[in-house]
Amino acid sequence: CKVSGRNSKLFYSPKMNSMYNELLLLEGEIRKALSNEDFKLYYQPKVSVETGEIIGVEALIRWFHKEKGFISPSKFIPLAEEAGLITQLGEWVVRQACMQHKKWVDTGYPPVSIAVNVSAIELQRNDFSEKVKAIIDEVEIDPSFLELEITENSVMQNTEDCIKTMNELRSIGISLSIDDFGTGYSSFGYLRKFPINNLKIDQSFVKNSLIESNSAEIIKAMIQLAHTFGLKVIAEGVENEFVLNFLKSQQCDYYQGYYHSKPIPPEDMEQMMVLKV
Ligand code: C2E
Ligand code: CA
Ligand code: CA
Ligand code: CA
């Protein structure tokens with residue numbers, strides 16, 4: 001049974017029983033959604049601060065449930081992790097994103113990198129890099145266009161093992177980014193140990209950068225340090241031109257955010273690539 005082990009740690013209470021039921025229910029629903037193709041990937045452009053050019057896209061999973069409507073990934077990803085389904089779901093996301101990239105390249109769109117979010121649990125598996133490699137070979141894409149986004153907290157669990165996996169991924173030719181940087185337990189000191197290409201500044205700093213001098217100073221420091229380590233910096237959650245101008249003044253490399261575009265379905269992304277690339 002997928003959820004065994006959790007039983008033994010719990011003492012019975014009606015609330016826990018209902019949580020347990022919800023988890024079981026959701027496990028079934030996620031399985032069903034995987035086979036029914038109720039999941040879909042949306043894409044949000046990553047844009048050059050300097051030129052406004054689209055340099056990549058981030059894949060963000062969407063679940064349009066037949067009865068419940070839209071369910072946010074912030075809600076179901078943690079539940080999929082709990083239910084032991086994140087590996088299967090994560091593989092679907094990687095394969096889907098690679099297939100989309102392949103389709104775009106074959107159709108003649110200018111090739112942009114495609115970034116996929118990886119959960120801590122996926123990263124902890126010792127066959128993770130092998131699995132990703134198998135998908136790249138199966139779909140036949142150039143691995144240098146695949147980027148994996150890993151949150152800093154997920155690397156802070158079993159750091160040594162994670163670094164090993166990250167090195168394997170890099171040797172395949174995949175790019176790595178630290179996501180949500182600044183919100184977790186890591187520090188600038190750790191940054192040097194991680195074999196990464198890009199740093200993503202968490203949106204909480206970006207949003208406050210014009211109203212809170214602390215956030216602005218933190219962003220400045222992050223960009224400078226990342227650059228001395230040879231990393232590219234991308235700011236998330238840019239919602240207006242004032243923040244973008246601040247980022248420009250700090251030599252931030254790339255940005256993402258509603259100011260440019262919300263995450264959109266692939267059909268809309270295609271139109272944007274024709275217009276903007
Ligand atoms: P994240 O990776 O940090 O993604 C950024 C989130 O911020 C996305 O929410 C995106 O839609 C939202 N966002 C982007 N620009 C703006 C902006 O300008 N303003 C505001 N307010 N929000 C903005 P979303 O799509 O709901 O995803 C939430 C989280 O769920 C993601 O955070 C990521 O941790 C997780 N997630 C999404 N898709 C996947 C996936 O395929 N696999 C895994 N493991 N996690 C995923
Ligand atoms: Ca992300
Ligand atoms: Ca993020
Ligand atoms: Ca996040």
Side-chain angles (χ1 to χ4, degrees), residues 30 33-34 38-47 49 54 56-64 69-100 113-125 128 131-132 135 146-155 175-184 186 196-210 219 222 233-244 246-247 254-266 268-269:
I30 293 177
L34 274 168
D38 290 342
F39 292 117
K40 190 165 174 165
L41 293 186
Y42 272 34
Y43 296 91
Q44 186 180 40
K46 296 188 175 189
V47 184
V49 166
I54 297 173
V57 296
E58 176 180 1
L60 292 154
I61 195 168
R62 295 291 177 260
W63 187 3
F64 301 100
F70 174 72
I71 307 174
S72 164
S74 314
K75 185 172 182 203
F76 73 82
I77 294 285
L79 288 169
E81 290 174 341
E82 282 281 296
L85 285 169
I86 194 65
T87 306
Q88 204 187 338
L89 193 63
E91 267 187 57
W92 180 85
V93 174
V94 172
R95 180 173 290 105
Q96 196 67 26
C98 289
M99 281 163 48
Q100 185 64 71
S113 74
I114 198 153
V116 169
N117 291 286
V118 172
S119 120
I121 292 172
E122 295 176 82
L123 189 69
Q124 308 289 334
R125 292 184 62 107
F128 180 67
K131 283 270 173 62
V132 175
I135 295 171
L146 181 63
E147 177 184 333
L148 298 179
E149 297 192 2
I150 300 164
T151 65
E152 63 169 324
N153 280 348
S154 64
V155 192
S175 301
L176 299 178
S177 301
I178 293 288
D179 203 352
D180 300 350
F181 189 72
T183 60
S186 100
I196 53 171
N197 309 78
N198 312 299
L199 197 70
K200 297 192 76 172
I201 300 178
D202 189 69
Q203 25 184 301
S204 56
F205 300 105
V206 177
K207 289 214 171 83
N208 291 327
S209 59
L210 299 180
I219 290 180
M222 284 177 180
V233 183
I234 174 157
E236 332 181 86
V238 175
E239 294 184 351
N240 59 59
E241 66 174 311
F242 308 106
V243 170
L244 180 58
F246 167 70
L247 294 169
Y254 312 120
Y255 77 97
Q256 267 178 289
Y258 294 174
Y259 178 62
H260 184 278
S261 172
K262 289 194 170 184
I264 50 178
D268 296 359
M269 195 61 232

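All values derive from a computational prediction rather than experimental measurement. We count ligands from 1, going down the list as the structure has it; atoms in each ligand are counted the same way. We number each residue from 1, following the sequence as shown.
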Q) For ligand 1, is there an atom lying under 4.0 Å from some heavy atom of Gly90? A) no
Q) Taking Leu176 as the fixed residue, which of Val155, Ile196, Val118 is the one that meets the side-chain contact (heavy atoms from CB on, under 4.5 Å) rule? A) Ile196
Q: Evaluate salt bridge (Lys or Arg N to Asp or Glu O under 4.0 Å) for Lys46 paired with Glu149, printing each intermediate quantity in order.
A: CA-CA 13 Å; Lys46 296 188 175 189; Glu149 297 192 2; 2.7 Å; yes
(Q) If you count heavy atoms of other groups shown closer than 6.0 angstrom to CZ of Phe64, is the number above 12? (A) yes
**Q.** Distance-only polar pair, side chains of Ser204 and Asp202, donor-acceptor under 3.5 Å
**A.** yes
Q: Determine whether any heavy atom of Gln203 lies closer than 4.0 Å to an atom of ligand 1.
A: yes
Q) Of the choices Leu60, Val243, Ile61, which has the non-hydrogen atom that lies closest to atom 31 (C) of ligand 1? A) Leu60
Q.
Taking Ser261's backbone N and O only, do any of them form a donor-acceptor pair with Gln44's side chain (distance below 3.5 Å, no angle check)?
A. yes
Q) Is there side-chain contact between Ile61 and Leu89, with heavy atoms separated by less than 4.5 Å? A) yes
Q.
When you measure from the heavy atoms of Lys200 to every atom of ligand 1, does any distance fall below 4.0 Å?
A. no
Q: Pull out every atom of ligand 1 sitting under 4.0 Å from any heavy atom of Gly257, numbered as shown with elements.
A: 15 (N), 18 (O)
**Q.** ligand 1 N/O within reach of Arg62 N/O, cut-off under 3.5 Å
**A.** yes
**Q.** Atom indices of ligand 1 within 4.0 angstrom of Glu58 heavy atoms, with elements
**A.** 2 (O), 4 (O)
Q: List every atom of ligand 1 that sits less than 4.0 Å from any heavy atom of Ser119, numbering the atoms from 1 in the order shown and giving each element.
A: 44 (N)
Q. Taking 3.0 Å as the cut-off, does an N/O/S atom of Glu58 lie below it from the Ca ion (ligand 2)?
A. yes
Q: Is it possible for you to check whether Lys131 lies under 6.0 Å from the centre of the six-membered ring of Phe128, through NZ or CZ, and within 45° of that ring's axis?
A: no
Q.
Tell me whether the Ca ion (ligand 3) has Asp180 as a neighbour, meaning an N, O or S atom of it below 3.0 Å.
A. yes
Q) Within Asp202, is some N, O or S atom less than 3.0 Å away from the Ca ion (ligand 3)? A) no
Q. Relative to ligand 1, is Val116 under 4.0 angstrom through side chain, backbone, both or neither, heavy atoms considered?
A. neither
Q: Enumerate the atoms of ligand 1 whose separation from the nearest heavy atom of Ser74 is less than 4.0 angstrom.
A: 28 (C)
Q | Under 4.0 Å to a heavy atom of Pro263 - the qualifying atoms of ligand 1, by number | A | 11 (O)
Q: Check whether any N, O or S atom of Asp179, backbone or side chain, sits closer than 3.0 Å to the Ca ion (ligand 2).
A: yes
Q: Name whichever N, O or S atom of Glu149 ends up nearest to the Ca ion (ligand 2).
A: OE1
**Q.** N, O or S of Asn117 under 3.0 Å from the Ca ion (ligand 2)
**A.** yes
Q) Does Glu152 use its side chain to pair, donor to acceptor, with the backbone of Gly184 at less than 3.5 Å? A) yes
Q.
Closer than 3.5 angstrom, by distance alone: can the side chain of Ser119 be matched with the main-chain N or O of Ile121 as a donor-acceptor pair?
A. yes
Q | Which atom of Gly182 lies closest to which atom of Met222, heavy atoms considered | A | CA-CE, 3.7 Å
Q: With heavy atoms of Glu236 as the reference, note each atom of ligand 1 found under 4.0 Å away.
A: 3 (O)
Q. Does the side chain of Phe246 reach to within under 4.5 Å of the side chain of Ile219, using non-hydrogen atoms?
A. yes
Q | Under 3.5 Å side-chain donor-acceptor pair for Gln256 and Lys200 | A | yes
**Q.** Heavy-atom gap Gln256 to ligand 1 smaller than 4.0 Å
**A.** no
Q: Using modelled atom types only, decide if a donor and an acceptor are shared between the side chain of Asp180 and the backbone of Thr183 within a distance under 3.5 Å.
A: no
(Q) At less than 4.0 angstrom from any non-hydrogen atom of Asp180, what atoms of ligand 1 do you find? (A) 3 (O)
Q: Ignoring hydrogens, just give me the one of Asn117, Ile86, Val238, Val93 whose non-hydrogen atom is nearest atom 46 (C) of ligand 1.
A: Asn117
Q: Pull out every atom of ligand 1 sitting under 4.0 Å from any heavy atom of Gln44, numbered as shown with elements.
A: 14 (C), 15 (N)
